[in-house]
Amino acid sequence: MLKNYLKIAYRNIFKNKVYSFINIFGLAVGLAATILITLWVADEISFNNFNKNIDQIYAIPQTQHYKNMGDFTVIPTPTALAPFLKTNYPEFKYATRFTAFSGKKPVGSGKNIFRETVKYIDPDFFKIFSFNFIKGNPDNALAEPNSIVITKEVAEKHFGRTDVLGNTLRIDGKNDFKITGVIANIPENSDIRFQILAPMKAMDNFHADLNNWGSNRLVTYVLLKKGISYKAESKKIGFILQQHLRGASTAGNLFLFPFKDYHLHSISGSGGKIKIVILFSIIALIILLIACINFMNLTTARASKRAMEVGIKKVIGAGRFQIAKQFFSETILLTFISLIFALLIVEAFLPLFNTMADKNLSLLNLSFNSSLLIIGITVLTGIISGLYPALYLSSFRPIQILNKATNRKSGHFAFRRMLVVFQFGISIFLIIGTIVMSKQLSYLINKNLGFDKQNIIYFSVNNSIKPNLASMKSELLRDTKVSSVSAASSIPYAIYNNSGGISWEGKDPNREVLISFFGLDYDFTKTFNVKMREGRFFSHEFAADTSDNIVINETFAKIIGKENVIGTTLNAGGSQHYNIIGVMKDFNFTHLNSKTGPLFMYVTNSPQDRKSV
């Protein structure tokens, strides 16, 4: 019977080519849009799920409390935290530190130098996270301070093969490390990303204090034993920082944050990508629903063309259920034909979609679950699209057909009109949403950040270039196409170094202020066309500019509250004192959804210099 239904459906499709093309094309476009969004949503939901112990892995952020600024939740924690937790709290099976914010370093020697992402970890890292070792033993791979684990990509890039255990790589132009492990390339859906892993002991080469409670430099991850409540454990460890930083009013409260929520949910408890995932899922359903309604309207609009067919079948004994099954068969067949064209559309638009979404999605790499999901969406589309037409067309009575009364059922017309109104209403909603998003993107692109961002190229430099920075700048300026060169510790719109505990004469002792800081050179204002409000910028003519003098922004000047802040001295703790020589006009140095905060700037002779604050 099913074979006959499909045969009739096939004949009807080719008998009415224009109608079939419109229906197939409409469903194909709707399915293509839905599949693209579904691929993105599935990828976002899958992040970090390759870790076998995902339900037991937790990050440990902290919430700092500022009386005048509210709560400030950050992911970095002190370097001494992870060893302390593992030693004193048996509930934590494993604990590791991770240098989440370290950048790329030059790796290799001679002409074969590549910039690779180097991270520093504790031995428990491989017991917490599930990264696949190709060569080496994860239990002792980083037992020595001069050992490293590299990805397959790095091994093939530097040596042309993966059998490289025992070979050495030079990192940052001065330290040689022996390769003791090779792991498979990091999955695309991982928030933990690196190319080279080195033991935390190796940070001694950079004079890092790994037992410091006062500097939030590293991210702490733990593996909680089964059966332990992470909420109860959060309360248990909450005041550890206050205990070790007595007298520090801004010492944060620690808490456990589930790593399975790390990608989609914000550590601060508000926002996160989950809202975007839900929004796009709703949009996908709306698009699919519009395509289904379009199919229903086109099918029922041609009801009179199929009336005689239904009447004859009923006269010779066909029941309503049999006729409904026939129309369902036609709809399902049309839907799967539409799926073929939808996949072709998806394949054509995937490169553009990947660029826009910053993804690497591919139909060729679909997982079994994703394939089932697409097939399920197709079947559901067929059922929704065919439900009303099948019930409507199979309801015709032979006597109505003979009297040509199939078009006199006002109820069906009312329902069709309701579908059309709903379809247009949803379409208008999507159009309005598109316009709003377009305006938001236009705002982001054209927003005046307070500095000139056009025609500026930036790149990071390594330790071998830092001593010769002045020579490099002179060489670049010899090119007539280059008008100015400046060096800085961060990109001007991504300044995230900050500190509390800074005071000045007249400051309210109960007022706590988190102040960002930024190292730059003498040519910053010229290069980025940032204006001064009062005072002066740094100059080679003043020797103190390299040690004691600083420039602040307008927001910081307002917080200080003096009519004239020039000459005010800031105390950063102990014997560290800085003199304000100028006030720079505000510019956006973090996210646009954040208010411009207080900022002070100091002279740096190399892009990675930091003042101790």
Side-chain angles (χ1 to χ4, degrees), residues 41-61 75 77 82-83 85-86 89-102 116-143 147-156 162-165 179-200 218-228 230 233 256-265 267 273 359-362 365-370:
V41 169
D43 182 72
E44 290 293 316
I45 293 174
S46 73
F47 258 74
N48 303 315
N49 287 341
F50 65 90
N51 291 288
K52 296 177 182 177
N53 300 314
I54 184 68
D55 291 329
Q56 298 168 254
I57 301 174
Y58 296 86
I60 301 187
I75 189 71
T77 47
L85 291 176
K86 189 177 179 183
Y89 293 84
E91 304 94 323
F92 298 114
K93 190 174 183 179
Y94 302 114
T96 184
R97 293 165 289 186
F98 184 73
T99 51
F101 305 112
S102 58
E116 315 286 11
T117 303
V118 182
K119 305 291 186 180
Y120 297 88
I121 61 169
D122 289 309
D124 283 354
F125 180 85
F126 295 117
K127 297 175 182 177
I128 296 175
F129 299 102
S130 305
F131 292 104
N132 182 30
F133 266 73
I134 299 174
K135 301 288 182 181
N137 185 347
D139 294 332
N140 56 21
L142 296 178
S147 58
I148 55 172
V149 171
I150 64 176
T151 62
K152 177 184 177 184
E153 173 196 9
V154 173
E156 292 176 341
T162 58
D163 187 15
V164 294
L165 297 187
I179 300 171
T180 54
V182 179
I183 64 174
N185 292 333
I186 310 303
E188 293 285 343
N189 59 346
S190 174
D191 280 316
I192 304 291
R193 307 206 66 81
F194 55 85
Q195 291 170 296
I196 297 177
L197 290 175
M200 193 60 63
L218 306 174
V219 178
T220 301
Y221 295 107
V222 297
L223 185 73
L224 199 62
K225 290 182 179 179
K226 290 184 177 180
I228 304 295
Y230 81 91
E233 207 62 28
L256 274 71
F257 185 83
F259 190 63
K260 63 183 179 181
D261 297 334
Y262 192 85
H263 185 74
L264 293 178
H265 298 268
I267 60 170
K273 282 189 174 181
K359 294 285 187 181
N360 191 27
L361 305 174
S362 173
N365 298 325
L366 279 181
S367 66
F368 178 73
N369 289 337
S370 296

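For the side chain to side chain contact (heavy atoms under 4.5 Å, CB included) criterion with K152, the lone passing option out of N132, I186, I134 is I134.
Smallest separation of non-hydrogen atoms from A59 and P61: O-CD, 3.3 Å. The shortest non-hydrogen separation linking D122 to A95 is CB-O, 4.3 Å. Here the shortest heavy-atom pairing between R193 and T117 reads O-CG2, 4.4 Å. The two residues G181 and L165 make their nearest non-hydrogen contact at N-CD2, 3.4 Å. Among all heavy-atom pairs drawn from D191 and Y262, the shortest one is OD2-CD2, 3.7 Å. The two atoms that bring Y120 and P199 nearest to each other are CD2-O, 3.6 Å, heavy atoms only.
Between E233 and Y89 there is a side-chain heavy-atom pair separated by less than 4.5 Å. Between V219 and I60 the shortest side-chain heavy-atom distance does not fall below 4.5 Å. At least one side-chain heavy atom of I75 sits under 4.5 Å from a side-chain heavy atom of I267. Contact check for R97 versus P83: side-chain heavy atoms found under the 4.5 Å cut-off. You'll find the side chain of F133 stays beyond 4.5 Å of the side chain of V182, heavy atoms only. Taking the side chain as every heavy atom from C-beta outward, K260 and D55 approach each other to under 4.5 Å. With a 4.5 Å cut-off on side-chain heavy atoms, M200 and L218 count as touching.
With hydrogens and angles ignored, the 3.5 Å screen pairs no side-chain donor or acceptor of N189 with any backbone N or O of D43. Listed for the K135 side chain is no donor-acceptor partner under 3.5 Å among the backbone atoms of T162. A donor-acceptor distance shorter than 3.5 angstrom exists from the side chain of N51 to the backbone of N48, with no hydrogens or angles considered. Under a 3.5 Å cut-off, the side chain of S130 and the backbone N or O of K52 do form a donor-acceptor pair.
Note that OH of Y58 is 13.0 Å distant from CD1 of I128, once rounded to the nearest 0.5 Å. From Q195, atom CD reaches atom CD1 of I150 across 10.5 Å, with rounding to the nearest 0.5 Å. Here the CD-CG distance, from E44 to L264, works out to 6.5 Å after rounding to the nearest 0.5 Å. A distance of 10.5 Å separates CG of N49 from CZ of F47, quoted to the nearest 0.5 Å. To the nearest 0.5 Å, atom CZ of residue F257 and atom OH of residue Y221 are 10.5 Å apart. A distance of 5.0 Å separates CG in L142 from CD1 in I121, rounded to the nearest 0.5 Å.
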Before giving the answer on side-chain contact (heavy atoms from CB on, under 4.5 Å), spell out for E91 and K225 the whole-Å C-alpha distance, their side-chain angles and the decisive distance to 0.1 Å. CA-CA 6 Å; E91 304 94 323; K225 290 182 179 179; 5.6 Å; no
Start with the C-alpha gap between I228 and F92, add the side-chain angles, then the distance that decides, and say whether side-chain contact (heavy atoms from CB on, under 4.5 Å) holds. CA-CA 9 Å; I228 304 295; F92 298 114; over 6 Å; no
side-chain contact (heavy atoms from CB on, under 4.5 Å), that's the test. Do I196 and K119 meet it? Break it down for me. CA-CA 6 Å; I196 297 177; K119 305 291 186 180; over 6 Å; no
Where do Y94 and V222 land on the side-chain contact (heavy atoms from CB on, under 4.5 Å) test, with the steps shown first? CA-CA 6 Å; Y94 302 114; V222 297; over 6 Å; no
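Taking Q56 as the reference, N53, L223, K226 meet the side chain to side chain contact (heavy atoms under 4.5 Å, CB included) condition, with sequence neighbours excluded. Qualifying side-chain hydrogen bond (donor to acceptor under 3.5 Å, both in side chains) partners for S362, counting only residues two or more places apart in sequence or in other chains: none.
Atom NZ of K86 has more than 12 heavy atoms from other residues, nucleotides or ligands within 6.0 Å.
Classification of the F125-F131 ring pair by plane angle, with boundaries at 30° and 60°, yields parallel.
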